[in-house]
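FYI, side chains are in, hydrogens and waters are out, and symmetry mates aren't considered; it's all heavy atoms of this structure. Residue numbers run from 1 in the order of the sequence given.
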Amino acid sequence: MNSMKLLISLFALATSLAMSAVAAPTVVVAEVEEGLPASSVVVNGLVRARHDIRLPARTSGELLWVLEEGTMVEQGTEIARIDDALLVLEHAEQEIVIDRARSLVSYLEGEVARLLELEKNNLAARTQLAEMQSRRDIAEGDLRVAEARLRRIKENIIRTRVIAPVRGMVTRRFLMPGEYTREGDAVARLVNPEELEVIAAVPVVNMNQVDLDVDGVIRSHDVEVNAPIRHALKSGDESSQTFNVILDLGVDAAARLVSGQFVDVELPVTRYSAVFVPRDAVVLRAEGNFVFMIDESNTAKKVDVVLGERTGNMVAVEAGEQLKTGDRVAVRGAELLRDGQEVTPVTS
């Protein structure tokens, strides 16, 4: 008796499984919509100075003085000075070396001239003349080396002065008077607060949509200014999936913003017609993204898509002519569907 009941139960279970396998799965569907992506995109931006320079020491030595932070200077102004006392002494010594070298060259030139006159009367050996000419040539070479060393010393003396390459403000002193600096060490930071720009990180999906001929809008608290786009650096960052856009700030805007300040940047993007599907309808896979369109016979059709701009819960997709406004797509249960499978559609 128990065996009969077991057989009946197994038969009922098998029948139920077979019927469920045959029955069309139920999926929630929604319609494809047509619309226009937003005509602008708002991203984060950073105000920075176009000239923000760490001024290095160009020679080693004790730092004698450096301008106070907050000092505004013109291009060519001396910002700091390194002790040049030893270089001045080297300069004086080298001038003496040059004077001696010139005297030797002058003496040897006179000897060569004398031997040439004697040679005319066969009173001087040719070997003696050749030796004197050789000594003169060596002395002239030594003179040129000494003069080159003097020029190098003069250049090193010039390098003890740290000069502003542009107009700007001293915003930081990395070394204080009395400290020893080595060649290449940063001495001071020079920033021009009057020439500012904004660098904005824009999603790569907008790479070819930013309208470079229309001004962007910079906003921060009570500040709102237009700023022309100078460059779109079309090289994406693999970690943030963004690319940089640089906007120029005018003098008036620069007076209301400061370098290092975060701002909101509204950038114009090209408007284009697109079809939109719910984000839940998109099945994301490593080999590509797709949706399942449910046709009039309630059959699922796999459609490969390329994602575009997102607006709320909708996302623009490119699918050629395979999707159009009014088509139904599966938004629930799409992950388990197969291409060509019959379904039972319900609306959410």
Nearest non-hydrogen partners of Ser259 and Ala49, listed with the distance: OG-N, 3.5 Å
How far apart are the closest heavy atoms of Ile246 and Glu197, and which atoms are they? CG2-OE1, 3.7 Å
Intermediate values then yes/no, salt bridge (Lys or Arg N to Asp or Glu O under 4.0 Å), Glu111 and Arg135: CA-CA 10 Å; Glu111 287 297 301; Arg135 290 179 60 189; over 6 Å; no
Does the side chain of Gln75 reach to within under 4.5 Å of the side chain of Pro165, using non-hydrogen atoms? no
Which is it for Val27 and Val29 under the side chain to side chain contact (heavy atoms under 4.5 Å, CB included) test, yes or no, and what are the steps along the way? CA-CA 6 Å; Val27 295; Val29 298; 4.1 Å; yes
Given side chains that start at C-beta, do those of Asp339 and Lys301 come closer than 4.5 Å, heavy atoms only? yes
Less than 4.5 Å apart, side chain to side chain, heavy atoms only: is that true for Val223 and Ile218? no
Lys/Arg-Asp/Glu bridge criterion (N-O < 4.0 Å) met for Arg172, Glu69: no
Residue set satisfying ring-ring contact (aromatic ring centres under 6.0 Å, His included) with Phe174, at least two apart, ordered chain then number -> none
Write down the atom of Arg58, the atom of Arg161, and the distance for their closest heavy-atom approach. NH2-O, 4.3 Å
Is the side chain of Asp327 donor-acceptor paired with the backbone N or O of Lys324 at a distance under 3.5 Å, no angle test? yes
Side-chain contact test, heavy atoms from C-beta onward, threshold under 4.5 Å: evaluate it for Ile82 versus Thr59 and give yes or no. yes
Are Leu118 and Leu129 linked, directly or through intermediate hydrophobic residues, by side-chain heavy-atom contacts shorter than 4.5 Å (ILVMFWY only)? yes
Side chains of Arg332 and Asp280, heavy atoms from C-beta outward: is any pair under 4.5 Å? yes
Do you know the tightest heavy-atom contact between Glu68 and Val170? O-CB, 3.8 Å
With side chains defined as the heavy atoms from C-beta onward, is the minimum distance between Pro228 and Asp248 less than 4.5 Å? yes
The salt bridge (charged side-chain N to carboxylate O under 4.0 Å, His left out) partner of Arg102 among Glu95, Glu140, Glu109, Glu147 is Glu147
Would the distance check show the side chain of Ser103 and the main-chain N or O of Asp99 forming a donor-acceptor pair, the cut-off being under 3.5 Å? yes
Gly260 backbone acceptor or donor facing Arg48 side chain under 3.5 Å: no
Would you give the length of the straight line joining atom CG of Asp52 to atom CZ of Arg189, rounded to the nearest 0.5 angstrom? 4.0 Å
Would Val303 end up clustered with Phe292 when hydrophobic side chains under 4.5 Å apart are linked, directly or stepwise? no
Between Arg167 and Glu74, does at least one N-O distance fall below 4.0 Å, as a salt bridge requires? yes
Derivation and outcome, salt bridge (Lys or Arg N to Asp or Glu O under 4.0 Å), residues Glu155 and Arg151: CA-CA 6 Å; Glu155 178 62 26; Arg151 289 194 297 271; over 6 Å; no
Side-chain donor-acceptor contacts of residues 234-243 below 3.5 Å, not counting sequence neighbours, with atom names and distances?
| unit_1 | atom_1 | unit_2 | atom_2 | d |
| --- | --- | --- | --- | --- |
| Asp237 | OD2 | Ser239 | N | 3.1 |
| Asp237 | OD2 | Ser239 | OG | 2.5 |
| Asp237 | OD2 | Ser240 | N | 2.8 |
| Asp237 | OD2 | Ser240 | OG | 3.1 |
| Ser240 | OG | Thr242 | OG1 | 2.7 |
| Gln241 | NE2 | Glu238 | O | 3.2 |

Decide yes or no for Val329 and Val32: does some side-chain heavy atom of the first lie under 4.5 Å from some side-chain heavy atom of the second? yes
Do Val43 and Pro203 have side chains that approach each other closer than 4.5 Å (heavy atoms only, starting at C-beta)? yes
Which atom pair, heavy atoms only, marks the closest approach of Arg136 to Val112? NH1-CG1, 3.7 Å
Please tell me whether Val214 and Val225 are part of a single hydrophobic cluster in this structure, the criterion being side-chain heavy atoms less than 4.5 Å apart. no
